[in-house]
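Step one of this worksheet: look at the structure below.
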Amino acid sequence: MPDLISIYEKLFSVFGHQNWWPGETEDEIAIGAILTQNTAWKNVEKAIQNLKQANLCSFSAIFSAEEERIKKLISPAGFFNSKAQYLKNFASWLHHKGGFSRLKEYSCRKLRSELLSIKGIGEETADSILLYVLSCPFFVVDAYTRRLVHRHEITSSNRYGEIQKIFMENIPLDIELYKNYHALIVKLGKTYCKRNPRCDVCPLREFL
DNA sequence: CACCAGGAATGTA
DNA sequence: TACATTCATGGT
């Protein structure tokens, strides 16, 4: 079983620095994290473009907008009934807190538990927002990450916390490393080995 | 036409 | 705890 550092170095040597998460503002990043739940990123881009065009790509705007209007704008991202409500829920929470800038005084652990208490924010979405917006060191475990660890037999567990624990106990505690590693895993997943564990061109084939 | 995509909530056993 | 179902659009 290859160690996680070796995999990271291999991925970095192939793909280089990633400069992720896509999104120009804190709000846009968090909105994207919610909209991309079980949805192709391409569809999320359309939804975000619609929100921008309507000047609704911020939580302060979403907070006071009609929910039906949000639904129509984000419809390309699917599950619009649920996601419109999720965006509203997050917007209410953020409004109550007074914005992202007022969250600096909270511990990362506290922030995580608060995010998880919002309906529509699960572990992956919470950690994505924590890592990419709030600079908290939580490793993001997504579908690509699960596939990677299972394919490489790093663990047989499919539990979120279990997989996250393995990463956080085996790589240095470094925000930028967490961001880059996650981004590289997604880059790998989007580029190669979608369903074929032994595809010839996968950069990690030496580990398979 | 079947299957899936950077999940989460809800219900069942 | 471990699965199953539901939510919905657009690409392959």
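Here the structure is a predicted model, which means the values were calculated and not measured. Heavy-atom basis, side chains included; hydrogens, waters and symmetry copies ignored. Here is how names work: the chains are called A, B, and so on, in the same order as the sequence lines, proteins then strands, and each is numbered from 1.
The residue A:G78 sits close to a base: some heavy atom pair falls under 4.0 Å. Nucleic acid contact for A:I118: sugar-phosphate only, since backbone atoms but no base atoms lie under 4.0 Å from a heavy atom of the residue.
A straight line from CD1 of A:I129 to C1' of B:dA8 spans 13 Å, rounded to a whole angstrom. One atom, CD1 of A:I48, and another, P of C:dT9, lie 18 Å apart when rounded to the nearest Å. Atom CD1 in A:I74 sits about 15 Å away from atom C1' in C:dG10, given to the nearest Å. In this structure, A:E45 atom CD and C:dG10 atom P are separated by 14 Å, rounded to whole Å. In this structure, A:F90 places its CZ atom 15 Å from C1' of B:dA8, rounding to the nearest Å. Protein atom CD of A:Q37 is 14 Å distant from nucleotide atom C1' of C:dT6, rounded to whole Å. Distance A:L73 CG to C:dA8 P: 16 Å, rounded to the nearest Å. A straight line from OH of A:Y86 to P of C:dT6 spans 15 Å, rounded to a whole angstrom.
Scanning all heavy atoms of the two residues, the minimum distance from A:L184 to A:G16 falls at CD2-O, 3.4 Å. Across all their heavy atoms, A:C57 and A:I48 have their closest contact at SG-CG2, 4.1 Å. Minimum heavy-atom separation, A:T145 to A:I185: N-CG2, 3.8 Å.
Remark on DNA chain C: of its neighbouring residues A:N38 and A:K46, the 5'-side contact belongs to A:N38, judged by nearest-heavy-atom nucleotide. Checking A:R159 against A:F79, the closest nucleotide of DNA chain C that is more toward the 5' end is the one next to A:R159. For A:I121 and A:V186, each mapped to the nucleotide of DNA chain B holding its nearest heavy atom, the one lying further toward the 5' end belongs to A:V186.
One finds a side-chain N or O of A:T125 lying less than 4.0 angstrom from the OP1 or OP2 phosphate oxygen of B:dA8. Distances shown here put a side-chain N or O of A:K119 below 4.0 Å from the OP1 or OP2 atom of B:dT10. Between A:N43 and B:dA5, a side-chain N or O to OP1/OP2 separation shorter than 4.0 Å is absent. Phosphate contact (OP1/OP2 of B:dC4, side-chain N/O of A:K42, threshold under 4.0 Å): absent.
In the set C:dT9, B:dA8, B:dA5, the nucleotide with an atom closest to the side chain of A:F80 is C:dT9. Candidate nucleotides C:dG10, C:dA8, B:dG7 were compared by shortest atom distance to the side chain of A:E124, and B:dG7 ranks first.
For the side-chain contact (heavy atoms from CB on, under 4.5 Å) criterion with A:L94, the lone passing option out of A:L103, A:N89, A:I62 is A:L103. For the pairing with A:Y106, the side chain to side chain donor-acceptor pair (under 3.5 Å) check across A:K97, A:E114, A:R112 returns one residue only, A:K97.
For B:dA8 and C:dG10, the P atoms lie 22 Å apart once the distance is rounded to whole Å. Straight-line distance between the C1' atoms of C:dA2 and B:dA5: roughly 24 Å, to the nearest whole Å.
Aromatic ring pairs are classed by plane angle as parallel below 30°, tilted from 30° to 60° and perpendicular above 60°; the pair A:F139 and A:Y178 is perpendicular.
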